[in-house]
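What follows is a single structure, written as C-alpha cells, with notes after it.
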Amino acid sequence: MINSFLTPAFIFFIGAILLLVVRGKAKQFLILFIPAVTFFYLIKLTPEASITVPFMQYELNFLHVDKLSKVFGYIFCIAAFGSFLFALHLKGKLEHLSSLVYVGSALGVVFAGDFLTLYIFWEFMAVASVMLIWARRKEESLNAGYRYVLVHIVGGLILLAGILLYINDTGNLTVGRIQTQTLASWLILIGFMLNAAVPPLQAWLADAYPESTATGGVFLSAFTTKTAVYTLLRVFPGWEILIWLGALMTLYGIIYAIMENDCRRILAYSIINQVGFMVCGIGIGTAMSINGAAAHAFAHIIYKGLLWMSAGSVLYMTGKTKCTDLGGLYKTMPLTLICCSIAAASISAFPLTSGFTTKAMILQAAVDKHLIIIYLMLEAASAGVFLHAGIKFPYFVFFAKDKGLRAADPKMNMQWAMVFFAFLCIGIGIYPEPLYKILPYPVEYHAYTGMHVVRMLQLLFFSGLAFFVFLKLLKRTETITLDSDWFYRKGSQLAVYVFTGISAGIASVLDYLFIRLLPSKLSAFSKKPITILMGSYGGECSAIDDSESGSSPETTNFVPSGVPVLIAVVFLSVLAVTYVVLF
Amino acid sequence: MRKEFDWFDKPENIKKLKIFSYVILALSVVAEFFVSSHPQHSWDKIPGIYALFGFITCVTMIVVSKLLGQYWLKRDEKYYDK
C-alpha cells in the first residue's frame, strides 16, 4: 500500500542522480535545495504515511513515521544543509555525491519500518561515508578508510546475523522495542553499539574521522553515531547495560581527548564522550531520559558539526591539525574563533547555549531514578567536557604559543555555515521550547532554575581553573595514543606473521609429503609392488636396493604367494561390504 | 597594513584577564546564597560543593590521563608504520 510517494531517503538519492548532470551554480543550488526540501516534506509527513512493499511472506516498510523518527529526520536535514553549505566551494562531485547518498541512507535507517530495510541502508551508510575519508587522497586516509569500512562491514554482518535470528525466532520484521534477552537481540545490540562507538567497539571513530577531508569530517560527525543512537532509542530503551556503558563512555572520551595532540582527534573522542550521555539516557529508559537523549542528539549534531567546521577551517587554511603545530590563530581567524567558542560553550552546557537545555534532562532522569553513582559520573564528565572540548581545543588552536601562522578566516560559504550553526546553538539555548515540542514524549522541563544555572557555572568555572592551574601537565607532545584499534592494527601484523608462519610450515610438510616422499615411494612401488608390500616380511626383501632395479627382483626373490592373495581378498571384501552398505 | 589584533599577547592584559577570572570564580560561589534552593541530594546544602567537585574531578582526570599517557598509551607518531 502506498500512501505517500517518497521517502526522505529517496529524495536524497534522486538528488544524487541529478548531481551527475548538473554543474556550476546549479550544482551548488541542488545540494542546498535537497536537504531544505526534505525538511519541509518532513513537516508535512504524518504517522499515517507509509510505503510498504511485499517481500516473500513479509512486508518491507520504507516509511515509518512517528515523533522519534521525525526529530532525527529534522536534525539530519538541518545538519545536511549546514554541512553542504560548508562544503559548497568544492569543485569535484565525488564528495557531494557520497554525502548525498550517506545522508540519504541515514534518513533511510531513521524511517525504516522493518529490520531488512534498516540493514540495507545501514550498509549503504558505511560504503558512502568512506569516500569522505578517501577523498583526502593521503596514504593515511586510504589506510584508515579501509579499516573503517572493514570494521563497519563486520559490525553490519553481526547486525544481519542478529536480524535473521530475530526474524527466525519471532517471525516479526518490524523495527520496534525488543525486551527479551536472546542471542538475536544481543547481536543486534552489538551491531548498533559498534556504530554508536560504545567501548570496546569505538576505536574506528577516532581512527578514521580525523583522516577525513576538511569538509567530510563535518558530515561524518553528524550521521553514523547519531543514526546508531536513534536505533538504540527505538529498539533498546531501558536496557540497563546501556546506562553503565554510556556513563563509562563519557569518561573514556575525556581521558583520551586530554591525551590527544591532533585537534580533530580530540573532537572525535569528544563525540564518544557526548554519545555516552545519550546512550546512558537510552539505558535509563524513562520518558524524561528518552526525551533528553533525543534532544541532546539534536543539539549535539549542531554544536559538534560547528566544532568540526572550525577545525576543518583551520585545516583548510593552514593544512595543519596538530596542537603542537597550531597556536595564536585568534589574530587572523576571529570569526572561526567566535563560532568555535560558541560551539565549545554549547558542548560544555554553558547557560544560554544548547547543551545546557538538553543534557540536563538526562542528568535529571538519573536523579529521578535514584542512580546516584551514574549521576556523579555524568556530572564529572560534564566538568571534563569543558576541560577537553571547551577549553583545550580552542586554547591550543587559537591561543597558546603563537606559531607564526597567519591564516585568514576561510571562504565565505564556510563562514556562513559556521554562523548558521552558531545561531542555532544559541537559539536552542535561549528558546528551547520548539525543540521540546517535537520530542517523543510530552514532558514538562525547565532548565533555567537559579540553582541549576549557578551550579553549572560553578562546575564549569572551576574545571577551567583546574585546566590553567595544571597547564604544565597538559603540555602537548608529538605522540599518538594507543586505543583498542591496536588489536587489529598491531594484531593484524601479528596475524600475518602467525598465519604466514603456519602456512609456510604446512607448505613445507606438504612439499615433503607429496613432492618428495610420496612420488619416490610410488615410483618404487610401481616398479616392484610385491616387494615393497612385503618390506617387513623378511630379511631378503629389505636387502633389495634400487641399484638392482634393472633386474627383476620378483623373479629372484622368494615371496610367499598366499599373502598377496590374502590382501586382494581383504580388499575385495571391504569393497563388497561398502557397496552393500551404500546401496 | 592594518595592525593585527594581539590583545592576548600582552602580559598586562593577561593580568587583567586573570583578575577578572578570579572575580568570576568568586561570584559563582557567592551567587549560590542568593538563589532559592530545592536540595535533591544530601550534599546539596554544602555551599560551593559543585565548584569543589568540578575542580577535584578535573584534576583527577588530568592526572589519570597524564599517567596513562606517560606509562602506557602514548607512542611515537610512526608507531603503526613500524
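Order of the sequence lines fixes the chain letters, A, B, ..., with proteins taken first and strands second; residue numbering starts at 1 for each chain. Keep in mind that what you see is a predicted model, and the values were worked out from it rather than measured.
Checked against a 6.0 Å centroid threshold, the rings of A:Y375 and B:H41 count as neighbours. Remark: aromatic rings of A:F350 and A:F356 are distant, center separation not under 6.0 Å.
Both the backbone and the side chain of B:K74 come within less than 4.5 Å of a heavy atom in chain A. If you measure heavy-atom distances from B:F34 to chain A, you find no contacts under 4.5 Å at all. For a residue to count as touching a neighbouring chain, one of its non-hydrogen atoms must lie under 4.5 Å from one of that chain's; by this rule A:Y256 touches chain B with the side chain only. For a residue to count as touching a neighbouring chain, one of its non-hydrogen atoms must lie under 4.5 Å from one of that chain's; by this rule A:E379 touches chain B with backbone and side chain alike. In this structure, chain B has no heavy atom under 4.5 Å from any part of A:E139. If you measure heavy-atom distances from A:N143 to chain B, you find no contacts under 4.5 Å at all. The contact between A:I254 and chain B is made entirely by side chain atoms (from C-beta outward), counting heavy-atom distances below 4.5 Å. At a 4.5 Å heavy-atom cutoff, the contact between A:K322 and chain B is made by side-chain atoms alone. For A:L473, the parts sitting under 4.5 Å from any heavy atom of chain B are the backbone and the side chain alike. For A:I372, the part lying near chain B is the side chain, with the backbone staying farther off; criterion is any non-hydrogen pair under 4.5 Å. Proximity to chain B is limited to the side chain of A:T332, based on heavy atoms less than 4.5 angstrom apart.
Among the candidates A:M259, A:R455, A:K490, A:R406, the residue making the largest number of heavy-atom pairs closer than 4.5 Å to chain B is A:R455. Across A:D483, A:L465, A:L457, A:T477, the residue that shares the most heavy-atom pairs under 4.5 angstrom with chain B is A:L465. Per-residue counts of heavy-atom pairs under 4.5 Å with chain A were compared for B:V64, B:L27, B:V29; the largest is that of B:V29. When each of B:T57, B:D81, B:L73, B:V35 is checked for heavy-atom pairs under 4.5 Å with chain A, B:L73 comes out on top. Contacts with chain A were tallied for B:V63, B:I24, B:D76, B:I56; B:I24 has the most, counting heavy-atom pairs under 4.5 Å. The candidate with the highest count of non-hydrogen atom pairs below 4.5 Å against chain A, out of B:G48, B:G69, B:A31, B:S28, is B:S28.
The distance from the CD atom of A:E260 to the CG atom of A:L267 is 11.0 Å, given to the nearest 0.5 Å.
With contacts defined as side-chain heavy-atom distances shorter than 4.5 Å, the pair A:D409/A:M317 does not qualify.
Screening A:D262, A:T479, A:N261 for a side chain to side chain donor-acceptor pair (under 3.5 Å) with A:T324, the sole residue that qualifies is A:N261.
Counting heavy atoms of neighbouring residues, nucleotides and ligands inside a 6.0 Å radius, atom CZ of A:F468 exceeds 12 of them. More than 12 heavy atoms of other residues, nucleotides or ligands shown are found within 6.0 angstrom of CZ on B:F5. Sparse packing is recorded around CZ of A:F487, with 12 or fewer heavy atoms of other residues, nucleotides or ligands lying under 6.0 Å away. For B:K45, the NZ atom counts as loosely surrounded, since its 6.0 Å shell holds 12 or fewer non-hydrogen atoms of other residues, nucleotides or ligands. Heavy atoms from other residues, nucleotides or ligands lying under 6.0 Å from NZ of A:K403 number more than 12.
The minimum heavy-atom distance linking A:L205 with A:A268 is given by the pair CD2-O, 3.4 Å.
When only modelled atom types and interatomic distance are considered, A:Y488 and A:W204 share no side-chain donor-acceptor pair under 3.5 Å.
Heavy-atom proximity under 4.5 angstrom to chain B picks out A:A383, A:G384, A:L387, A:F399 from residues 381-400 of chain A.
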Q: With salt bridge (Lys or Arg N to Asp or Glu O under 4.0 Å) as the test, would you mind laying out the steps for A:R147 and A:D485 before giving the verdict?
A: CA-CA 9 Å; A:R147 287 193 295 271; A:D485 56 344; 5.4 Å; no
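The backbone N or O of B:L17 lies less than 3.5 Å from a partner atom in the side chain of B:S21, making a donor-acceptor pair.
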